[in-house]
Amino acid sequence: MAPRPLHAVPALTAVLMLATGCGDAGPAEPDRGKVFAADRPTIEVAAGARFSIRVEDNPSTGMTWIVEDPQPDPAVARFQDSRYQPSAGGEGKAGAGGTRDLTFRAEAAGQTRIALRRCLPTSCTNGEIRPGQEQDVQHLSYTLTVR
């Protein structure tokens with residue numbers, strides 16, 4: 001009996017690598033949950049859900065987005081993480097912008113405020129805006145209802 005050709009082995013290996021997260025695909029992205037646009041002032045989600053607020057961002061400006069104090073009521077929602085995504089075709093290009101997802105977890109039913117601030121680290125220190133730097137700061141505010 002003649003040996004079987006092994007031409008199917010590379011294809012099978014590639015499929016297994018993709019299915020298990022191995023190879024050049026990189027690590028799996030964390031669940032962002034439902035993504036809300038930055039211009040939406042009210043957000044409603046179910047308890048236990050993850051959700052994100054997507055804001056325009058350009059890290060090359062030196063400005064950064066933070067969850068502003070006071071933080072959301074931790075009994076209602078907790079900040080999880082922040083992830084930048086370059087615009088399509090902007091990867092590796094100096095000055096190219098993109099979006100940032102600020103992800104939260106809805107803990108329990110209730111209502112709270114989420115406030116975001118975008119500023120230069122030199123304009124915002126220890127959660128406070130330095131005098132004369134107010135023009136360099138952007139604020140966004142949301143009312144979150146968890147049901």
Shortest non-hydrogen contact from [X] toward [Y]:
X	Y	result
Ala47	Ala109	CB-N, 4.3 Å
Ala106	Ala46	CB-O, 3.5 Å
Pro72	Ile114	CG-CG1, 3.8 Å

- In Å and rounded to the nearest 0.5 Å, what is the CZ to CD1 distance from Phe36 to Ile43? 5.5 Å
- Any chance you could measure Arg105, atom CZ, to Arg50, atom CZ, to the nearest 0.5 Å? 8.0 Å
How about [X] and [Y]: do any of their side-chain heavy atoms sit closer than 4.5 Å?
X	Y	result
Glu56	Asn58	no
Glu68	Leu116	no
Val55	Leu102	yes
Thr61	Arg118	yes

- Message: Is a donor from one side chain sitting under 3.5 angstrom from an acceptor on the other, for Asp69 and Gln71?
- Response: yes
- Item | Asp101 and Thr103 side chains, donor-acceptor separation under 3.5 Å | no
- Do Ser52 side-chain atoms and Arg32 backbone N/O form a donor-acceptor pair below 3.5 Å? yes
- Task: Applying side-chain contact (heavy atoms from CB on, under 4.5 Å), name anything that partners Pro59, two or more places apart in sequence or on another chain.
- Result: Asp57, Tyr84, Arg100
- Message: Just to verify, what does Thr99 make a side-chain contact (heavy atoms from CB on, under 4.5 Å) with, not counting sequence neighbours?
- Response: Arg54, Gln85
With sequence neighbours excluded, residues passing side chain to side chain donor-acceptor pair (under 3.5 Å) with [X]:
X	value
Glu107	none
Glu44	none
Thr112	none

Scan the side chains in residues 140-147 for donor-acceptor partners under 3.5 Å anywhere in the protein, sequence neighbours excluded, and list what turns up.
| unit_1 | atom_1 | unit_2 | atom_2 | d |
| --- | --- | --- | --- | --- |
| Ser141 | OG | Arg113 | NE | 3.3 |
| Tyr142 | OH | Ala38 | O | 2.7 |
| Thr145 | OG1 | Gln111 | NE2 | 2.9 |
| Arg147 | NH1 | Val45 | O | 3.0 |

- Message: So, using salt bridge (charged side-chain N to carboxylate O under 4.0 Å, His left out) as the criterion, who are the partners of Asp73 when residues are at least two apart?
- Response: none
- Task: May I have all residue pairs that pass ring pair (Phe, Tyr, Trp, His ring centres under 6.0 Å) and include part of residues 46-83, sequence neighbours excluded?
- Result: Phe51-Phe104, Phe79-Phe104
